[in-house]
> 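First the structure, then my questions, so here it is.
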Amino acid sequence: MISRIDLRGDALPEGPALRDLLPRAEFDVQAALEKVRPICEDVHHRGDAALIDFTERFDGVRLDQVRVPAAALTRALEELDPAVRAALEESIRRARIVHREQRRSTHTTQVVPGGSVTEKWVPVERVGLYAPGGRSVYPSSVIMNVVPAQEAGVESIALASPAQAEFDGLPHPTILAACALLGVDEVYAAGGATAVAMFAYGTQSCPPANMVTGPGNIWVAAAKRYFTGKIGIDAEAGPTEIAVLADDTADPVHVASDLISQAEHDPLAAAVLVTDSVELADAVEKELEPQVAATRHVDDRIVPALSGKQSAIVLVDGIDEGLRVVDAYGAEHLEIQTADATAVADRVRNAGAIFIGPWAPVSLGDYAAGSNHVLPTGGCACHSSGLSVQSFLRGIHIVDYTKDALAEVAHHVVTLAEAEDLPAHGAAIKARFVGDEQISRGWKVPESK
């Protein structure tokens, strides 16, 4: 059901050669880009009419309007299963605790007497958030997008999720209920690239946004790439990934269940076990069969995911070598199930989120750890972070210098401007001191008073 890669002995290379040996899903955003281009431009030119036509084409339902009526949000919350409501409320509560601590405060640095630089943090004005609605329904993704945006202070928040034919063209009612719980009343029945285009260009019913965030399929990722530079994005999210770094202390039942938990997302989902224990590898492989047989989504998601080229059991000589492998892989989710897991986790450099020990499975992070589950995929954890309050903030430097403070450093500015052959930069400094003593002294500025 799952392949093996043996990197023991001399088989463990360095750098890019190691990355090339590791399993990864094929996810060609560039190829998809050419297919979403005409869709995005049609939304640009026809607005809501294009959204309605594409919804009928892709989702099989003809909408009267793209925006979800307020009454539908209210009704979805009223009809929500009380147990689901309680779980969503607890997830929201924990996410707020974590994300509230990420807020940034204005800070002023006194560089020299009379000269300071202040960094203030300003939220983006308007964001468009995306909640997938294809194979599964993700009210948890509503929480993971909305909470950090709200805690950052974003004033205008809109959310899009695909129309569902079985719900009369509305997004899934659990998505709508989650929006109602969070106080988000601007919701659109739009999916895939059309939703991103709606937020990027704006339509008759939806004002344009400054930024779009949220996970989605390859068409969402391609549309984000298409609009990069026009709007801000969080990331081009690819198929979900789990990597488990484990030794002979790990419980094979836990490891197998965690690999399956991510495989059930998508046939392209990646499930990777890195271990120095052949015994554990054998036990996990043996454990996969009965656990897979006992769950749902077997033939359309789990088996294709586990048997695909993106999933494998990777054998290494020891935990040090295992750390090299998981750092090269840069997993979206990385579980550490080893002896002294906390110390091992502290040595990891590249991961979207790290889950320590047997009692912190990825499923906890997906819903109720308080952490964010919108994370970098495809190895992007080596340079990118998951969604946070910081994602919705812009740091602006405010420079405040007195005349004396500028005079003290003026000769350095002029020197560097001339070294870069940008004399007008230096002239902008000199113009402020015409007739002052330093002009005649070759910009050897006297001490500040």
> Could you give the side-chain donor-acceptor pairs of residues 63-80 under 3.5 Å, partners two or more places apart or in another chain?
unit_1: Gln65; atom_1: NE2; unit_2: Arg67; atom_2: O; d: 3.2
unit_1: Arg67; atom_1: NH2; unit_2: Asp185; atom_2: O; d: 3.4
unit_1: Thr74; atom_1: OG1; unit_2: Ala70; atom_2: O; d: 3.3

> Could you tell me whether the side chain of Glu241 and the main chain of Glu332 form a donor-acceptor pair under 3.5 Å?
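A pair under 3.5 Å: yes.
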> Is there a donor-acceptor pair under 3.5 Å between the side chain of Glu321 and the backbone N or O of Gly318?
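It does hold such a pair.
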> Scan for ring pair (Phe, Tyr, Trp, His ring centres under 6.0 Å) pairs involving residues 146-185, sequence neighbours excluded, and state none if there are none.
Phe167-His172
> Would you check if Val142 and Cys179 make a side-chain contact, meaning some heavy-atom pair closer than 4.5 Å?
yes
> Could you list the residues that satisfy side-chain contact (heavy atoms from CB on, under 4.5 Å) with Asp340, not counting sequence neighbours?
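Asp340: side-chain contact (heavy atoms from CB on, under 4.5 Å) contacts with Ala343.
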> Should Leu273 and Val284 count as side-chain neighbours, where that means a heavy-atom distance under 4.5 Å?
yes
> Going by the ring pair (Phe, Tyr, Trp, His ring centres under 6.0 Å) test, which pairs reach into residues 340-383, not counting sequence neighbours?
His254-Trp359
> Who passes side-chain contact (heavy atoms from CB on, under 4.5 Å) against Thr108, sequence neighbours left out?
Ser116, Thr118
> With a 4.5 Å cut-off on side-chain heavy atoms, are Ile5 and Leu315 touching?
no
> Has the side chain of Gln204 got a donor or acceptor atom that lies under 3.5 Å from a matching backbone atom of Asp48?
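Yes; at least one donor-acceptor contact below 3.5 Å.
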> Looking only at atom types and distance, does a side-chain atom of Glu119 sit under 3.5 Å from a main-chain N or O of His397, one as donor and one as acceptor?
no
> Considering residues at least two apart in sequence or located in another chain, which fulfil the side-chain hydrogen bond (donor to acceptor under 3.5 Å, both in side chains) criterion with Glu420?
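Glu420: no side-chain hydrogen bond (donor to acceptor under 3.5 Å, both in side chains) contacts found.
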> Would you say the side chain of Val325 lies within less than 4.5 Å of the side chain of Leu7, judging by non-hydrogen atoms?
yes
> So which pairs with a foot in residues 192-215 pass ring pair (Phe, Tyr, Trp, His ring centres under 6.0 Å), sequence neighbours left out?
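Passing the test, one end in residues 192-215: His44-Tyr201, Tyr201-Phe227.
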> May I have all residue pairs that pass ring pair (Phe, Tyr, Trp, His ring centres under 6.0 Å) and include part of residues 54-106, sequence neighbours excluded?
Phe54-Phe58
> Can you list everything that forms a side-chain contact (heavy atoms from CB on, under 4.5 Å) with Pro376? Sequence neighbours excluded, please.
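Partners of Pro376 under the side-chain contact (heavy atoms from CB on, under 4.5 Å) test: Cys380, Ala381, Ser384.
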> Any side-chain to backbone donor/acceptor pair from Thr55 onto Leu51? Under 3.5 Å, distance only.
yes
> Quick one: do the Gln262 and Thr240 side chains pair a donor with an acceptor below 3.5 Å?
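On atom types as modelled, these side chains qualify, holding a pair under 3.5 Å.
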> Could you tell me whether the side chain of Arg324 and the main chain of Pro13 form a donor-acceptor pair under 3.5 Å?
yes
> Using distance alone, with no hydrogens and no angle criterion, decide if Glu166 and Gln164 have a side-chain donor and acceptor under 3.5 Å apart.
no
> So, the side chain of Ser261 versus the backbone of Asp258: is there a donor-acceptor pair under 3.5 Å, distance only?
yes
> Are any non-hydrogen side-chain atoms of Asp327 and Arg19 less than 4.5 angstrom apart?
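No; the side chains remain at least 4.5 Å from each other.
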> For residues Gln291 and Ala256, report the shortest heavy-atom separation together with the two atoms involved.
NE2-CB, 3.8 Å
> Below 4.5 Å, heavy atoms only, C-beta onward: do Ile336 and Val348 meet side chain to side chain?
yes
> Hey, can you pull the donor-acceptor pairs under 3.5 Å for the side chains in residues 245-253, sequence neighbours left out?
unit_1: Asp247; atom_1: OD1; unit_2: Thr249; atom_2: N; d: 2.9
unit_1: Asp247; atom_1: OD1; unit_2: Thr249; atom_2: OG1; d: 2.5
unit_1: Asp247; atom_1: OD2; unit_2: Ala339; atom_2: N; d: 2.9
unit_1: Thr249; atom_1: OG1; unit_2: Ala339; atom_2: N; d: 3.3
unit_1: Asp251; atom_1: OD1; unit_2: Val253; atom_2: N; d: 2.8

> Within the side chain of Asn372, is there an N or O that forms a donor-acceptor pair under 3.5 Å with the backbone of Met144?
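Pair found, side chain donor or acceptor close to backbone of Met144.
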> Under 3.5 Å, which donor-acceptor pairs do the side chains of residues 211-224 form with other protein atoms, sequence neighbours left out?
unit_1: Thr213; atom_1: OG1; unit_2: Asn145; atom_2: OD1; d: 2.7
unit_1: Asn217; atom_1: OD1; unit_2: Trp219; atom_2: N; d: 3.0
unit_1: Asn217; atom_1: OD1; unit_2: Val220; atom_2: N; d: 3.1
unit_1: Lys224; atom_1: NZ; unit_2: Gly214; atom_2: O; d: 2.6
unit_1: Lys224; atom_1: NZ; unit_2: Asp234; atom_2: OD1; d: 2.7
unit_1: Lys224; atom_1: NZ; unit_2: Ala235; atom_2: O; d: 3.0

> Taking Ser391 for the side chain and Ser388 for the main chain, is one N or O donor matched with an acceptor at less than 3.5 Å?
yes
> Please list all pairs meeting side chain to side chain donor-acceptor pair (under 3.5 Å) that have one or both residues in residues 148-160, counting only residues at least two apart or in different chains.
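The answer is Arg96-Gln150, Arg96-Glu151, Arg100-Glu151, Arg103-Glu151, Arg126-Ser156.
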> Check whether any side-chain heavy atom of Val244 sits under 4.5 Å from a side-chain heavy atom of Val272, and report yes or no.
no
> Would Tyr226 and Glu34 satisfy side-chain hydrogen bond (donor to acceptor under 3.5 Å, both in side chains), going step by step from the backbone distance to the final call?
CA-CA 9 Å; Tyr226 183 69; Glu34 296 309 312; over 6 Å; no
> For atom CD of Glu89, decide whether the heavy atoms of other residues, nucleotides or ligands shown that lie under 6.0 angstrom number more than 12.
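More than 12 within 6.0 Å, yes.
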> Could you tell me if the side chain of Pro207 sits less than 4.5 Å from the side chain of Glu186, heavy atoms only?
yes
